[in-house]
Amino acid sequence: NEVRPFCMASSLFVHLMLAWPTMWLTKTGGDGDCGKLVSEAHEANETGMGSGYRSEPAQASIREGTLWRIPIPTSGGWFVTSKKGAFSGHGTNLGCPQFRQSLTSASRPVFWAPPTETQGKFHIEVAHAKPYGTIFYFPVSITIPSAPKNPPLTPSPFPPSGSVRSPLLLRLPTIPPALPPTPWFPPPVTPPSTPPASPPSSSPSRPPFMPPDTPPPTPSSPPLPPPPPPPPPP
């Protein structure tokens, strides 16, 4: 007769140990709540299931597209909690998107999705229990950088005529207008220089230049002397 009560007590203890992830959210004998981190209960000196809490080294998440895979390094009951975002994958959330739990090992991945259109640092905590009711938990930090700002668009100096300005042309750098061509002027004409006059020569003057078909001039005979005067009358 004494064996049966002992077996019932042992079965109840095992049931409570396996059911504690659900108790965290339902607050049935626990300190949890939807959107509450385990570290918050630890810092408030709450008792958990009676033996308190113990933190473990932080773990790293793995990004897969728009989701983050959360490591679950335990083979027993576990739960994950966060203040923002939503969990999916293995386990159930019991109506709280910031909570996920299971009484068995995670045979499928557990993912976390951040709030839409947000950036910053987010804290997730994974908890599991060992004998005597101590709740072990480790943090997982996820940092989402802000999206880079697009540089201002520079309007194109050559928009297509009769149509809307093309977005491709808006990204072209501004081209300064071309300078007008330099006018060309011919170089000034320099008149030929006049040779200096030669001094008079003592040699007889040459006849003027005659064309080749003109015979040279015949030299004129010297004039005859005048006749002698007549003799005087007797």
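Small disclaimer: the values here were computed from a predicted structure and weren't measured.
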Give every donor-acceptor pair under 3.5 Å between a side-chain atom in residues 137-145 and any protein atom, sequence neighbours left out.
| unit_1 | atom_1 | unit_2 | atom_2 | d |
| --- | --- | --- | --- | --- |
| Tyr137 | OH | His42 | ND1 | 2.8 |

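- Separating the CD1 atom in Ile124 from the CD atom in Gln59 is a distance of 13.0 Å, to the nearest 0.5 Å.
- When atom types are taken as modelled, the side chain of Arg69 and the backbone of Glu64 share no donor-acceptor pair closer than 3.5 angstrom.
- We find the CZ-SG distance between Phe99 and Cys34 to be 9.0 Å, quoted to the nearest 0.5 Å.
- Ring-centre distance between Phe122 and Trp68: not below the 6.0 Å cut-off.
- Residues Val38 and Ala127 approach most closely at CG2-CB, 4.1 Å, considering heavy atoms.
- Atom-to-atom distance recorded for Ser82:OG and Trp112:CH2 is 6.5 Å, nearest 0.5 angstrom.
- Heavy-atom minimum distance, His90 versus Trp78: CD2-CZ2, 3.4 Å.
- In this structure, CZ on Phe87 lies 11.5 Å from CG on Leu67, to the nearest 0.5 angstrom.
- Contact between Gly91 and Ser102 at its shortest, heavy atoms only, is CA-CB, 4.2 Å.
- Annotation: side chain of Leu37 is in contact with side chain of His123 (closest heavy-atom distance under 4.5 Å).
- Here Arg108 contributes atom CZ and Ile72 contributes atom CD1; the two are 12.0 Å apart, rounded to the nearest 0.5 Å.
- For Cys96 against Gly35, the heavy-atom pair with the smallest separation is SG-N, 4.1 Å.
- Side-chain atoms of Glu125 and Glu40, non-hydrogen and from C-beta on, never get closer than 4.5 Å to each other.
- Atoms NE2 and CZ, on His128 and Phe136 in that order, are 7.0 Å from each other to the nearest 0.5 Å.
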